Amino acid sequence: MILTIKEILKKEVFTRENIISLLESEGEDRTLLYKKSAEIKERFIGNKVWFRGLIEFSNICSKDCLYCGIRKGNKNLTRYNLSDDEILAAARFAYENHYGSIALQSGEIESPYVTNRIENLLYRIKELSAGELGVTLSVGEQDHEVYKRWYDAGAHRYLLRVESTNQKLYEKIHPNDSKHDFNNRLKCLKSLQNIGYQTGTGVMIGLPFQTMDDLAGDLLFMKEFDIDMCGMGPYIEHADTPLIKHSGKLMPLSERLDLTLKMIAIIRIMMKDINIVAATALQAIDPMGREKAVKIGANILMPNITPGKYRDSYKLYDNKPCTDDSAEDCQSCLEARVSLADAEVIYGEWGDSKHYKERRAK
Ligand code: 5AD
Ligand code: FES
């Protein structure tokens with residue numbers, strides 16, 4: 001039986017077919033979807049936004065994801081690795097400006113050197129902020145023991161996007177070798193959750209070969225896995241990557257933005273109290289992309305606090321916004337933007353996923 005959007009939105013649990021109908025909704029139906037997700041955000045989270053100061057500390061990567069601008073095979077960029085002092089200065093900036101948390105992100109390297117370095121940085125960040133700065137890590141697939149050491153050193157959230165939960169699609173957008181193994185990605189997510197991290201994942205939206213059925217499957221996976229945080233953004237082609245050859249198959253950018261907003265609205269309705277980030281990639285398509293996401297359900301923003309001179313080299317996709325700005329610029333720009341979305345930035349709080357607390361209390 002085909003239900004109307006209004007009927008679907010009254011249901012407690014969505015089926016795959018329901019989600020596909022929501023993803024395909026247009027006009028008034030789509031407005032109903034956004035209205036419902038905004039109501040749920042207001043009820044469970046409030047009109048609030050928390051910052052994670054984003055430090056893209058190195059673009060050196062050992063992997064070759066076919067979509068990513070900083071893939072190992074791309075020789076067309078300058079590789080950089082911030083010094084420990086530069087990373088700590090960025091963390092201090094976040095602390096002094098009362099950001100509750102930072103996020104440390106880099107290309108993926110597995111090595112004892114990287115393990116020790118990050119562990120040491122975590123201790124020093126906790127020290128400089130009297131234990132107050134929350135830290136999210138986003139440095140890819142690692143061994144269980146490595147994740148555990150970083151957790152013990154003070155990292156309490158981890159972002160590892162699954163990119164697509166359809167294994168066939170995953171294999172089309174990654175090289176097929178042991179370094180890019182779908183099952184290892186799932187195993188890593190499970191390790192993070194078992195260790196006790198607030199665990200975040202997400203997907204890219206509008207990838208070549210991706211269908212509405214794939215996207216519905218992604219949302220069902222996130223619910224089933226019981227994630228605490230979600231980061232989803234539109235796929236944006238990068239000229240120096242192999243996936244560029246499939247550009248002809250893509251939906252227009254405006255549709256990718258639209259579909260991303262629908263995905264955010266639907267996951268907000270399905271998982272009411274998780275943290276949802278308004279991804280920077282949204283802004284690469286629409287100057288108001290992130291504000292739109294905040295209005296309909298997102299509650300986390302990641303102002304870039306990477307020192308300006310390196311930003312241009314962390315281009316995962318073409319047209320990445322704000323690569324010319326300083327950390328201060330990003331903050332004032334985002335604050336103005338958040339108020340445009342009728343929300344308020346909450347300073348000096350971690351802004352943890354409520355879902356995590358409820359899940360752990362069970
Ligand atoms: N377009 C959009 N997002 C991308 N990412 C990597 N490359 C691209 C791209 N071309 C995303 C991936 C990764 C995150 C850090 O950036 O989802 O997990
Ligand atoms: Fe670096 Fe995918 S290219 S992790």
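All values derive from a computational prediction rather than experimental measurement. When a ligand or atom number is given, it counts from 1 through the structure's own listing order.
- The existence of a salt bridge linking Glu56 and Arg311 is excluded, since no basic side-chain nitrogen approaches an acidic carboxylate oxygen closer than 4.0 Å.
- Salt bridge status for Asp64 with Arg71: present, with a side-chain N to carboxylate O gap under 4.0 Å.
- Ion pair Glu119/Arg149 flagged as a salt bridge, since at least one NZ, NE, NH1 or NH2 atom sits closer than 4.0 Å to an Asp/Glu carboxylate oxygen.
- The pair Glu141-Lys63 meets the salt-bridge criterion, since a charged nitrogen lies less than 4.0 angstrom from a carboxylate oxygen.
- A salt bridge does not link Lys148 with Asp143: every distance from a Lys NZ or Arg NE/NH1/NH2 to an Asp or Glu carboxylate oxygen is 4.0 Å or more.
- Closest protein heavy atom to atom 11 (C) of ligand 1: Arg161 NH1, 3.6 Å.
- The protein atom (non-hydrogen) at minimum distance from atom 1 (Fe) of ligand 2 is Cys61 SG, 2.1 Å.
- The pair Lys315-Asp312 meets the salt-bridge criterion, with a side-chain N (NZ, NE, NH1 or NH2) lying under 4.0 Å from an Asp/Glu carboxylate O.
- Here the protein heavy atom with the shortest distance to atom 16 (O) of ligand 1 is Leu316 CD1, 3.3 Å.
- Residue contacts with ligand 1, taken as heavy atom pairs separated by less than 4.0 Å, do not involve Glu237 at all.
- Within the cation-pi definition used here (under 6.0 Å to the ring centroid, within 45° of the axis), Lys190 qualifies as a partner of Phe225.
- Close contacts of ligand 1 with Glu163, meaning ligand atoms under 4.0 Å from a residue heavy atom, involve 12 (C), 13 (C), 17 (O), 18 (O).
- For atom 5 (N) of ligand 1, the nearest non-hydrogen atom from the set Lys320, Met204, Arg256, Met232 belongs to Met204.
- Ligand 1 has Pro234 within reach: a non-hydrogen atom of the residue lies less than 4.0 Å from it.
- Classification of Arg185 and Asp181 as a salt-bridged pair fails, no side-chain N sitting under 4.0 Å from a carboxylate O.
- For the residues Tyr67, Tyr314, Tyr317, Tyr235, the heavy atom positioned nearest atom 6 (C) of ligand 1 is part of Tyr67.
- Close contacts of ligand 2 with Arg71, meaning ligand atoms under 4.0 Å from a residue heavy atom, involve 3 (S).
- Scanning all protein heavy atoms for the shortest distance to atom 9 (C) of ligand 1 gives Ile236 O, 3.4 Å.
- Of all protein heavy atoms, the one closest to atom 2 (Fe) of ligand 2 is Cys65 SG, 2.1 Å.
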